[in-house]
Amino acid sequence: TRHGPLFRERVNMDLLGFDMVRQWCRFVTIDYPQHRMTLGFKEDFPQPRGPRAWKMPLILEGGLPHVILEANGIRWLSLVDTGSAFGVEIDEGLAAELDVLRNARAVDPGMINTAIGGMADVNEAGVKLTMLKKLDGLGPTHQEAEIAISQGGARVGSFFFKDYRLTMNLKRQLLWLER
């Protein structure tokens, strides 16, 4: 933007939405431990091998990436939201269905939740934390998985992915997690 004939002001905007990635890339890798992101425009994603690599179906719904999670015999579609500060999030309806509401506790004051749609103080938003004995659908089975109960639907955010190299292979519709 311009303010006067000589001065320019920088506008901070997120121009890298998933729609751009989906339309132009064969894959996107977000290597959380290495703080590196790779966009594959022409080349195919080289399939990882070994016991520390897991693949799962990547479901594009409404133009956004989702995975299927499972706990307590219940399966649900969860948005892959790398902009979210939490790990696995569900809403109160699913929490009731999973029978984890009675063990939920309020989040420590002062935390801010960021996700698609903006940010909010978690206490004002009524975010609670609870545990699932077993969570499947994201690589290895996760025992005693901490989950957040919040508004906005089911999603998996950066706190969950922080120890992984995450690849969304858009050409083959697979999500890869590597440790």
Side-chain angles (χ1 to χ4, degrees), residues 17-19 21-22 27-33 37 45 47-48 50-107 111-120 122 125-179:
F18 193 75
D19 189 55
V21 173
R22 184 180 53 82
F27 71 90
V28 60
T29 297
I30 303 170
D31 190 333
Y32 283 89
M37 183 170 153
F45 176 65
Q47 181 173 314
R52 298 177 63 78
W54 301 270
K55 71 177 176 180
M56 58 231 62
L58 181 66
I59 299 159
L60 295 176
E61 184 171 290
L64 296 173
H66 293 78
V67 291
I68 296 173
L69 303 183
E70 183 174 353
N72 300 348
I74 298 167
R75 294 168 49 110
W76 68 94
L77 199 61
S78 190
L79 175 67
V80 176
D81 184 358
T82 57
S84 173
F86 280 104
V88 176
E89 292 181 68
I90 60 174
D91 61 24
E92 285 206 10
L94 182 55
E97 203 175 331
L98 291 166
D99 195 27
V100 294
L101 271 176
R102 69 177 180 277
N103 297 327
R105 68 188 192 297
V107 176
M111 281 189 70
I112 300 293
N113 182 23
T114 61
I116 291 174
M119 31 195 272
V122 292
V127 177
K128 300 176 188 113
L129 296 176
T130 190
M131 299 291 268
L132 283 171
K133 289 185 192 247
K134 183 176 144 187
L135 176 66
D136 287 307
L138 290 167
T141 296
H142 298 275
Q143 306 290 339
E144 300 298 324
E146 183 179 77
I147 60 167
I149 301 168
S150 66
Q151 300 172 4
R155 61 182 164 253
V156 184
S158 290
F159 186 76
F160 177 84
F161 296 123
K162 69 182 171 43
D163 298 323
Y164 291 97
R165 180 176 185 236
L166 160 79
T167 299
M168 288 180 263
N169 185 336
L170 301 163
K171 183 178 178 186
R172 302 210 188 282
Q173 292 195 320
L174 294 171
L175 184 131
W176 287 89
L177 291 178
E178 299 171 79
R179 268 206 170 148

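All heavy atoms count here, side chains included; hydrogens, waters and symmetry mates do not. In this chain, residues are counted from 1 in sequence order.
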Please round to the nearest 0.5 Å and tell me the distance separating atom CG of L101 and atom CD1 of I149. 5.0 Å
Heavy-atom neighbours of F159 CZ exceed 12 at 6.0 Å: no
Salt-bridged, R105 to E146, with N to O below 4.0 Å? yes
Tell me whether D91 contacts the main-chain N or O of G93 through its side chain, where contact means a donor paired with an acceptor under 3.5 Å. yes
Do F86 and L129 touch side chain to side chain, with heavy atoms closer than 4.5 Å? yes
Is the cationic atom of R179 (NZ for Lys, CZ for Arg) positioned less than 6.0 Å from the six-membered ring centroid of Y164 and within 45 degrees of its normal? yes
With a 4.5 Å heavy-atom cut-off, do N169 and L58 have their side chains touching? no
Determine, stepwise, if the pair W176 / F45 fulfils side-chain contact (heavy atoms from CB on, under 4.5 Å). CA-CA 10 Å; W176 287 89; F45 176 65; 3.5 Å; yes
Show your reasoning for whether side-chain contact (heavy atoms from CB on, under 4.5 Å) applies to V80 and F18. CA-CA 10 Å; V80 176; F18 193 75; over 6 Å; no
Answer yes or no: is there a donor N or O on one side and an acceptor on the other, between the side chain of T29 and the main chain of T167, under 3.5 Å? no
Check whether T130 reaches the backbone of V100 with its side chain - one donor and one acceptor, N or O, closer than 3.5 Å. yes
Is there a donor-acceptor pair under 3.5 Å between the side chain of N72 and the backbone N or O of L98? yes
